[in-house]
Participant: 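There's a structure below that I have some questions on.
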Amino acid sequence: MCVTILWDNHRPLPLSPLHLIKLKQKFQSCTSDLISTVSVFRLLGVMSFSQGGLSCCSPQGACRPLELRPHGITFLKPVEVCVPYHRAKRREVVMRRFDGQMWNTLPTDLRRGSESHSSHPGGRPARLACCSVSQFSWFMAVSRPVKDSCSVTPAGALLVSSSDPGIKLHFPPDSTLQTRTITLQVLQVSVSEVQALCGDPQTRVSPLLCLSQTPNIHFLQPVKVQIPLPPGVTGHTVDTTCLHLLHGDPTAQTWTDITSQVSLYVTHLYAIFYITHFSWYWLWYTTQRCVSGVVRKVYQRLKQFRVQFLVLQRKTDPSQVLLQCLPANKVEGRVRSLSEQYDGPQPSDLCDLLEGEQFFAGFEKGLDISTDRPDCVEGRLRFEFYSSLKNLKEVYICPAQGQKGPVRGQVSFYRGEIPSNLPEELSRKRKGHDSQWLATLPLRLPALNSDNSYIMEELQYPPLNLGDPESGYLTEANLLSISLQIGQDWRVIGINLGLSYQELDRIQYKHRDNLGSLVLDMLFHWARGQSNAGPGAVSRLVAAMVESGRRDLADEIEDIVSIGRRKYLESLRRVGLEAESSSLAPPGLITETLLCDIP
């Protein structure tokens, strides 16, 4: 039996009740236990991992995690699970399964689906990665550098990389007394990134070689390794003093310049050297003198990222919360793409995370996760950061036990375990209680009504009511006319009005695409805060305009005040209260007057 789940652009295709009933009937024929509930298919945010050599998950070559339920029931016959994937150049795709402790690679069959398996109407059949299992769990199709392997006997052998045929391993006769299994992986590295990190525009690097063997013992004869020269370097133009062969220790994460310790020579297109044991090898062409230190710095920088955290709520259902961690250069575009369906606080401040580093998200101050999840540890969601993944999860939340009414809670992010093979100088920075907390973002859950649904109405503010009936009120129409004349100097005006930088940043994030709404919200936010600030709101507004270099707006506000004052006195004169009002006010006292609409 084959279970095929297809979705377009990571959006799950809905399964109708009829489809679920058919699936249920098929599963019942394959299991010894009667499934009383329909198997549940869930496509959740990316759960990242890295197991077994050089492997990673990328948007070009991997799918989102797929959960198939129920867990723990053994089928009488193997069930084939197929998921679609996107082909990636020089990479292979394998299926992996989560057994509750770790991800394991499964024997994978790659093929094209039927015509009905196209992700787009009329499109080509989707590429499918398929595996056979006896139990349901979490599954993912993962893209990784191609693994080429061969068996080396005492007679010798030749291993050629399928991703780059210019990379070859020649095993001479009598290099081993027993048969060994050799594995070769080739990782292409961006030259522009290396140049930017080491500050040398002349630096060039070859692909990184990951060589391993079973059993892991030295060869009796040197093994010949052929690798292409770095881009832009040929045998006729190469300066051999700038050519360095680096040996990497995957356990200690260190790099050593072994150029003087091996037999290294170049042809027109290739570099050839001889080794007796396998590890990581990287060929550099650079003018830097301390090459080992530069390579280690580049390697560490390639693994360390400046990230920001997102906490967003779906506009139609505030109990559905999206959590995501992204490199800082990807955050703005991601927020823009989600703005139609999600809303929430601005992204967190910048934090440093390492490739593969674990972190947790905890709901606090009266909030809790409403469902049990296998990736939830002591009430906190577990993540592992990988720069090429989405690092995203969506959960449903609810008020904590005993909480009633609207809940003003928060989501805090904490560090977890760091990769075990992290260099010592970096791991020292991850110790201590102060280093565990990363960021905290606010989260509000509305109250429930009698129908047990969330009250979605926006906050209703009473009309602005500053001052008193005699001195007048600051009206919303006046603020609107003032806001239309404020441009890029809005932040300076806000600071002079006494608003904090955090308040201004929040307002700017909320209205990042609309300057008019931003200015109006800033003035309204200030005006609402004046209700408990005592009299003098208008004079404070005038003073802020003068300090901000907007004397024109200060004069306009004073003109409005003057007109309002005159209209107020005329109304008193009409009802015969002018003398009484004049006797109540001390001579020469200038009070805050009515800001009224100018006809």
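None of the values given here were measured: they were computed from a predicted structure.
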Participant: D489: what forms a side chain to side chain donor-acceptor pair (under 3.5 Å) with it, not counting sequence neighbours?
Facilitator: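 With neighbours one apart ignored, the set is R550.
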Participant: Identify, with sequence neighbours excluded, every residue that meets ring-ring contact (aromatic ring centres under 6.0 Å, His included) alongside Y285.
Facilitator: none
Participant: Cation-pi check for Y342 against K315: NZ or CZ below 6.0 Å from the six-membered ring centre and within 45 degrees of the axis, yes or no?
Facilitator: no
Participant: For Q410 and T440, what are the C-alpha separation, side-chain angles and deciding distance, and is it a side-chain hydrogen bond (donor to acceptor under 3.5 Å, both in side chains)?
Facilitator: CA-CA 7 Å; Q410 63 185 30; T440 296; 4.7 Å; no
Participant: Taking the six-membered ring where the residue is Trp, are the ring centres of W284 and W282 under 6.0 Å apart?
Facilitator: yes
Participant: Supply the atom-to-atom distance E394 CD to L312 CG, rounded to the nearest 0.5 angstrom.
Facilitator: 9.5 Å
Participant: Using side-chain hydrogen bond (donor to acceptor under 3.5 Å, both in side chains), reason through R96 and T105 one step at a time and then give a plain yes or no.
Facilitator: CA-CA 4 Å; R96 285 188 170 174; T105 301; 3.0 Å; yes
Participant: Do the charged groups of R144 and E92 touch, with an N to O distance under 4.0 Å?
Facilitator: yes
Participant: Run the side-chain donor-acceptor check on residues 490-498: report pairs under 3.5 Å with partners two or more places apart or on a different chain.
Facilitator:
| from | atom 1 | to | atom 2 | distance (Å) |
| --- | --- | --- | --- | --- |
| R491 | NH1 | D505 | OD1 | 3.3 |
| R491 | NH2 | D505 | OD1 | 3.1 |
| R491 | NH2 | Q508 | OE1 | 2.7 |
| N496 | ND2 | V492 | O | 3.2 |
| N496 | ND2 | S548 | OG | 2.7 |

Participant: Quick one about S192 and Q195 (side-chain donor to acceptor, distance below 3.5 Å, no hydrogens or angles considered), yes or no?
Facilitator: no
Participant: Salt bridge or not for R69 and E67, using N-O below 4.0 Å?
Facilitator: yes
Participant: Is it true that the side chains of Q324 and R334 contain a donor and an acceptor less than 3.5 Å apart?
Facilitator: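 Yes, R334 and Q324 have a side-chain donor paired with an acceptor closer than 3.5 Å.
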Participant: For V335 and P347, work out which heavy atoms get closest and say how close.
Facilitator: CG2-CG, 4.2 Å
Participant: Distance from F413 atom CZ to L323 atom CG, nearest 0.5 Å?
Facilitator: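 Rounded to the nearest 0.5 Å, the CZ-CG separation comes out at 5.0 Å.
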Participant: Before we go on, tell me: are the rings of F359 and Y414 under 6.0 Å apart, centre to centre?
Facilitator: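 No, ring centres 6.0 Å or more apart.
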Participant: So do the side chains of L523 and I486 get within less than 4.5 Å of each other, counting heavy atoms only?
Facilitator: yes
